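Please read these numbers as outputs of a predicted model, since none were measured by experiment. Counting starts at 1 for both ligands and their atoms, in listed order.
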Amino acid sequence: MRIEGIDGARIALAFSGGLDTSVMIRWLQENYNAEIVTVSGDLGQEKELNGIREKALSLGAVAAYHVDLKEEFVRDFAFHALKAGALYEGSYPLATALGRPLLGKALVEVAQKENCTVVAHGCTGKGNDQVRFEASVWGMAPDLRVIAPVRHWEFRSREDEMAYCAERGIPVAATKASPYSIDENIWGTSIECGVLEDATVAPPEDAYQRTLSAEDAPSESTTISVDFANGIPIAINGESIEPVELLRKLNRIAGENGIGRLDLIENRLVGIKSREIYEAPAATLLHFAHRELERLTLDRWTARYKEQMSANYAELIYTGLWFSPLREAMDAFIDETQKRVTGNIIVKLYKGTMRILSRSSEFSLYDQALASYTSEDSFDHSAGEGFSKIFSLPLRTIARSKEKASITL
Ligand code: ARG
């Protein structure tokens, strides 16, 4: 189906360098006489973006941007999700979902600078990412036109796209295509398609990109210490380290110990259930450590309330509503709670498992004198009698009323 109203337009395209968006440059030029400006965002993915500008220009783009978003991604997106304890459906650390709004923002900035009236992305019509891109772009630039050629074009398979390239002499990587669809950034990797579509099949080892299996992980455990300041990790094994480097380091250490693999059936925004494999070694370790520190430093009521908010925050990120007033309001609440989340956590990593070894904080609410069962005990035991009596009063009242009722019946 033809896309109306974009003939001759100047289009900012989110360009990953993969087959779809490479074909897209040529397809938009050929069918719509469009001028393409590409935008490639570096979110700390291991796959280097070296030469991506040259690639876009050689495919016919009139301008090509390669923007370094790593630092912003970690500080302003991933660490917000960490502080919020945001895990979608209780498990997925949301790496892909967190990357989209920032890529959308970069796309809008280039579009405005380059006088593009249209932005384009490579997402399909049945995924979450189209919604995240579009909600993010329109949340910032309500009048920009957004198109998704994959929802319209004639290609039904990778082979169709390869044939299109071959006919036009467009060079495509000769390497054998991975059977998987992989999206990756410094917060985690998402892997789907191929044999993974069968929910009864365990992921083959080659589906994993950045973690060892528990079986292949070293048989010696690794002990790691993480310092947090206001909910944010600032040092590893006692050494201060910048956010991007910190994640790189933890991804490597946790990945080598088999930490961070996830095999999930999840509810997509568009209504279907999908099966996705995730690898998020650093994010998994950090969520674990951060939660342990909150157990120590948050009071009971704040912790309970924040737990509800974690689920809502994750839902908001997953559904693409990052640039919303609700997210900002939640961040304000979360930042208030994080004023106490400063301290040290030591974790033992061993063949895919994590164990807490130590927690400490200047804001610790754990009072050993109150908790102790030794002669150090400072708890007022006699107060327990009155407390217990008043606390159980409603249940006694109910029991008495039941007794009375059965007598009069
Ligand atoms: N299911 C994940 C999400 O919605 C990842 C989507 C992209 N996955 C991929 N393998 N390309 O955030």
Side-chain angles (χ1 to χ4, degrees), residues 14-24 40-41 43-47 49 73 77-78 80-82 84 86-104 121-136 148-151 157-158 161 177-199 201 203-204 206-211 260-281 283-284 287 310-323 327:
F15 182 61
S16 71
L19 182 62
D20 286 344
T21 51
S22 297
V23 169
M24 214 168 279
S40 307
L43 297 176
Q45 51 272 51
E46 314 231 309
K47 191 171 146 260
L49 289 178
F73 180 58
F77 292 78
H80 283 238
L82 175 65
L87 297 167
Y88 182 64
E89 298 187 338
S91 337
Y92 163 40
L94 295 156
T96 298
L98 284 161
R100 300 307 176 197
L102 180 53
L103 289 172
H121 60 73
C123 307
T124 72
K126 63 191 284 190
N128 298 312
D129 288 328
Q130 56 178 340
V131 186
R132 296 172 182 150
F133 256 120
E134 291 169 32
S136 302
V150 178
R151 296 194 295 229
S157 65
R158 207 180 152 81
E161 292 176 51
S178 156
Y180 309 112
S181 158
I182 299 171
D183 180 72
E184 188 220 330
N185 63 46
I186 199 165
W187 198 235
T189 304
S190 308
I191 309 142
E192 62 180 349
C193 300
V195 66
L196 303 173
E197 288 178 359
D198 183 341
V201 173
D206 76 351
Y208 292 104
Q209 314 292 312
R210 63 197 297 175
T211 55
R261 289 185 173 188
L262 195 64
D263 177 345
L264 203 65
I265 296 283
E266 73 194 39
N267 289 296
R268 269 195 204 168
L269 182 51
V270 294
I272 54 178
K273 285 193 190 287
S274 64
R275 195 273 188 104
E276 187 110 33
I277 305 304
Y278 295 106
E279 293 177 283
T284 303
H287 270 291
S310 297
N312 290 324
Y313 198 97
E315 190 90 21
L316 194 106
I317 297 173
Y318 190 84
T319 57
L321 302 176
W322 180 266
F323 294 110
R327 201 264 306 157

Protein contact of atom 11 (N) of ligand 1 - nearest heavy atom, named by residue and atom, plus distance: S181 OG, 3.0 Å
Lys/Arg cation over aromatic Y208: R261, 6.0 Å, 45° cone: yes
Mode of D129 contact toward ligand 1 - side chain, backbone, both, neither (heavy atoms, under 4.0 Å): side chain
Any Y278 heavy atom less than 4.0 Å to ligand 1: yes
Nearest-0.5 Å distance, CZ of residue F77 to CG of residue L102: 4.5 Å
For ligand 1, the portion of E266 having any non-hydrogen atom under 4.0 Å away: side chain
Which segment of Y92 sits under 4.0 Å of ligand 1 when only heavy atoms are counted: side chain
Proximal atoms of ligand 1 relative to N128 (non-hydrogen, under 4.0 Å): 3 (C), 4 (O)
Of N267, I317, T319, the residue whose pairing with Y88 passes side-chain contact (heavy atoms from CB on, under 4.5 Å): N267
N185 to R210 - nearest heavy-atom pair and separation: O-NH1, 3.0 Å
Check: T96 N/O within less than 3.5 Å of ligand 1 N/O: no
Presence of salt bridge, E134 and R151, under 4.0 angstrom: yes
Option whose closest heavy atom lies nearest to atom 3 (C) of ligand 1, chosen from R132, E276, R275: R132
Worked check of side chain to side chain contact (heavy atoms under 4.5 Å, CB included) between E192 and R275: CA-CA 7 Å; E192 62 180 349; R275 195 273 188 104; over 6 Å; no
Ligand 1 versus Y88: contacting region, heavy-atom distance under 4.0 Å: neither
side-chain contact (heavy atoms from CB on, under 4.5 Å) partners of S274, counting only residues at least two apart: E266, R268
